[in-house]
> 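Quick one: the structure is below, questions incoming.
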Amino acid sequence: MTDQRTPGMSTVPQTAPVLTDSTSLAVEMDPVEYTLRKRLPRKLPKRRNDVYVNMKTDFRAQLARCQKLLEGGGHREICVHGLGLAINRAINIALQLQASSQGVLQLAANTSTVELVDDLEPEDPDEASEPMTRTRNNSAIHIKVFYPDPQ
Amino acid sequence: MFTGCGMIAGQNPYLIRDAVRPLPGLEVSRPIQIENGVPSGSCPVYHNQIYSNAVQPAVINNVSSPLKPMPVPVPPAALKLGQEGFKKVCRTEEDSPCPFPGLASGVLEMRVKEGSKIRNLMGFAMTRMQGEKGISGGCVSDGGLRQVVFTGSGRAVTKTITCAEIMKRKVGSLHQLTKLQYKVVKEVWESSEGGASEMTVHRTVPSISILLSKDPLDPQEPGYQPPETLGALWEEREAVESAPQTPCKRTLGPLPYSSFPHCKRVCLGEGVSVHAPH
């Protein structure tokens, strides 16, 4: 590209363009520094039997909560949701529930894509830069853990 | 469908222990040492030997094992092997029953691994699903495979789901069937010090299998997802959640999930103690 565009500039000493090139590149690559703030996933519908699994809470506590819902809470089905990294844990919880029920519980898993919004806030408020937002997708899983209806 | 149930139930004690004690390590191995009559402050060499004995329940072909202690939690022990001078020499996934019985044999199976690149996986899978339009001209123009299965276990589960989601978005109108199961992974560990001792550890990792099909699938099968529910699950849920406010209207509409909790709410709202039929 640059070779085609600048036939006349070939007379310029070699060092100068290299310098200007590198500086302009650096400016392009790193305009302003931003802090990236992740917003929470939007809208979390919550029934009593919805369990949103996260990676902060202790695994045992989350498993116990599900067991309590199924055994003590009188629910015949619960929904275990996991987003991103927590997918693994959600699957683990669902499979543990199934295993501890001696295979009575059944699992029905659905997957989906969740749109997440990140806020980009400029580090330096003096800079003439706007706060930006960026959306990205992340995978999610929704596992229905239920006692099958006796036919 | 649930051919794996027997296996899962058989693994029960291990699994539950894993759940109860996800943190590996020191607390677990300390009682073992005391059990074997060695003070807990023993030197690393002793510790190592005792340790390999203590892991016995998980070990199939351990070399020397005079002691047969009571079963100890296996997965935490396995996690600690790396610190004990053991090196993992081999890791094989045991064949688990296919989660989709009655599936044609020629279905493309994409095995997603932790290090797989999504662009590689998708590049390959998309060309196979879309068929080679350029090569064979008109007659196979709508060709390509009808079904594809994405499987992944452990840390590759998220990537597996992402691949399936991307494919659903790109191809469109795909029927989906998702199955979860535990997969048994056999690991062979070798002691880096003695070289004589080798042990085999069986551990279970969660795995996912996603079948995407251009042809309709059985909607009664648990884990079925009809086409074009991209991101709609969460909105559907909101509709379910808002049911208590408008119970009368909602009762007639078909619900994406079992109507039991919804039905219960409706009953509560109307003050009638009727239970959902089942």
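Chain letters run A, B, ... following the sequence lines, proteins first, then strands; residues in each count from 1.
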> Counting only heavy atoms closer than 4.5 Å, note whether A:Ile141 contacts chain B via side chain, backbone, both or neither.
side chain
> Are any of the side-chain nitrogens in B:Glu165 or B:Lys170 under 4.0 Å away from the carboxylate oxygens of its partner?
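Salt bridge flag = no for B:Lys170 with B:Glu165.
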> Can you list everything that forms a side-chain contact (heavy atoms from CB on, under 4.5 Å) with B:Ile118? Sequence neighbours excluded, please.
B:Met122, B:Lys159, B:Thr162, B:Cys163, B:Ile166
> Which bit of B:Leu177 is near chain A, if near means a heavy-atom gap under 4.5 Å: side chain, backbone, both or neither?
neither
> Pick whichever of B:Val205, B:Ile208, B:Val157 has the most heavy-atom pairs under 4.5 Å with chain A.
B:Val157
> Can you tell which of A:Asn88, A:Ile143, A:Ile93, A:Asn137 has the highest number of heavy-atom pairs within less than 4.5 Å of chain B?
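Looking at each of A:Asn88, A:Ile143, A:Ile93, A:Asn137 in turn, A:Asn88 comes out on top.
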> Check salt bridge (charged side-chain N to carboxylate O under 4.0 Å, His left out) between A:Arg136 and all other residues, then give those that pass, not counting sequence neighbours.
A:Asp118
> Please check if any side-chain donor atom of B:Gln176 sits under 3.5 Å from a side-chain acceptor atom of B:Lys168, or the reverse.
yes
